[in-house]
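In the text below, chain A, chain B and the rest are named by the order of the sequence lines, each starting its count at 1.
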2 protein chains.
Amino acid sequence: MSTRRDAVHDTLRRSEGFRSAQDVYAEMRQHGAKIGLTTVYRALQALADGGQVDVLRTDDGESVYRACASGDHHHHLVCRRCGHTVEVAGPAVERWAEAVGGEHGFTEITHTVEVFGTCASCSASVRAG
Amino acid sequence: MSTRRDAVHDTLRRSEGFRSAQDVYAEMRQHGAKIGLTTVYRALQALADGGQVDVLRTDDGESVYRACASGDHHHHLVCRRCGHTVEVAGPAVERWAEAVGGEHGFTEITHTVEVFGTCASCSASVRAG
DNA sequence: GGAGATTTTGACAACCATTTTCATTTTGCC
DNA sequence: GGCAAAATGAAAATGGTTGTCAAAATCTCC
């Protein structure tokens with residue numbers, strides 16, 4: 001029903017890595033879109049609730065969003081310099097989390113796993129400095 | 001040097017799970033401590049920087065702290081109901097993170113891994129109603 | 001096509017954890 | 001004691017996010 005939500009989703013899809021709400025808002029305005037910050041937040045939240053985008057928190061507490069290729073459960077390998085993100089599957093980690101939880105009598109196990117690093121091209125440009 | 005920082009550290013040590021800064025502050029005041037919120041934040045930050053407490057972010061963006069028994073790298077199994085926390089080691093996860101990063105040409109790999117669940121006593125009390 | 005109900009939108013204000021500011025107090029040192 | 005440096009904390013500022021509410025867009029039934 002909402003063109004706005006789709007517009008937000010599209011903007012996200014065009015991005016390489018995770019983007020903040022403010023960021024998405026700024027970009028959309030720059031491209032001439034008539035949309036309010038409130039609506040961007042609402043759209044992002046709706047998309048996240050519907051599982052159409054992934055959310056994570058930066059170190060400084062900002063929520064960042066990404067339209068992922070895979071709808072299945074997966075994790076992220078994020079370049080801490082340029083934000084470039086690779087989706088990775090980790091069956092070993094899933095099993096480990098379940099096992100660890102089970103050992104201690106925990107049920108309804110969920111987990112958060114994110115991997116950060118410096119991607120190849122960023123470490124190259126740092127060396128070129 | 002600072003009695004304040006120790007007091008904050010002690011308060012944290014007496015707690016079972018992760019506590020927010022506001023939380024620690026409230027508790028200290030309740031016990032008659034003369035301390036300001038600013039100082040609690042500063043102490044917590046210093047302790048975190050020094051690796052004496054672990055930090056993580058709740059879903060709603062609040063920072064929560066915990067004085068952990070182990071100074072070594074470890075992860076947490078947190079009860080999402082009562083906050084009860086178990087420290088767990090996960091050599092398999094460490095290796096997995098390194099491997100995944102390496103495969104994609106990433107260097108200086110770090111990772112965040114947290115496991116959530118409902119602990120045995122909480123699921124028992126839920127069943128009991 | 002249109003009146004009225006319903007939903008969506010967005011400018012603005014409110015929230016709230018966290019940080020900054022800065023004047024005061026405490027501490028370390030001689 | 002006296003003085004400089006560090007620590008403290010009350011109050012104000014910050015900033016991402018959420019709530020409010022009136023205007024605008026959309027739907028619905030006739």
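A:His31 is linked by a ring-ring contact (aromatic ring centres under 6.0 Å, His included) to nothing, counting only residues two or more places apart in sequence or in another chain.
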Pairs under 3.5 angstrom, nitrogen or oxygen only, protein versus nucleotides 19-21 of chain D, please.
from   : atom 1 : to      : atom 2 : distance (Å)
D:dG19 : O6     : A:Thr38 : OG1    : 3.4

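One side chain, A:Glu94 or A:His73, offers a donor N or O that lies under 3.5 Å from an acceptor on the other. Side-chain contact check for B:Thr110 and A:Arg80: at least one donor-acceptor pair (N or O, by modelled atom type) lies under 3.5 Å. Inspection of the A:Gln22 and A:Tyr41 side chains reveals an N or O donor paired with an N or O acceptor under 3.5 Å. Remark: the A:Ser70 side chain and the A:Asp72 side chain contain no N/O donor-acceptor pair separated by less than 3.5 Å. Between the side chains of A:His9 and A:Arg5, not a single donor N or O lies within less than 3.5 Å of an accepting N or O. Under the 3.5 Å distance criterion, with hydrogens and angles disregarded, no donor-acceptor pair is assigned to the side chains of A:His75 and B:His111. Judged by distance alone, the side chains of A:Thr118 and B:Glu108 do bring a donor and an acceptor atom under 3.5 Å apart.
Considering only the side chain of B:Ala21, C:dT18 comes nearest among C:dT18, D:dG9, C:dA11.
Atom pair B:Met28:CE and D:dG9:C1' shows a separation of 13 Å (rounding to whole Å applied). Rounded to whole Å, atom P of C:dG10 lies 6 Å from atom CD1 of A:Ile35. Rounded to an integer number of Å, the gap from CG of B:Leu37 to P of C:dT20 is 14 Å. What separates CZ of B:Arg57 from P of C:dT18 is a distance of 7 Å, to the nearest Å. Remark: C1' of C:dA17 and CD of B:Gln22 are 6 Å apart, rounded to the nearest angstrom. For A:Gln45 and D:dG16, the CD to C1' distance is 12 Å, given to the nearest whole Å. One can place CD of B:Glu62 at 20 Å from P of D:dG15, the figure rounded to the nearest angstrom. In this structure, A:Leu44 places its CG atom 13 Å from P of C:dT9, rounding to the nearest Å.
Overall, the helix from C:dG1-D:dC30 to C:dC30-D:dG1 carries an axis bend of 30° between its ends, with five pairs at each end and the value rounded to 10°.
Of the side-chain N and O atoms in B:Tyr41, one or more sit less than 4.0 angstrom from OP1 or OP2 of C:dT18.
Using a 4.0 Å heavy-atom cutoff across all strands shown, A:Ser63 reaches sugar-phosphate atoms only and no base atom.
In this structure, A:Arg66 pairs ionically with A:Glu87, as a charged nitrogen and a carboxylate oxygen lie closer than 4.0 Å.
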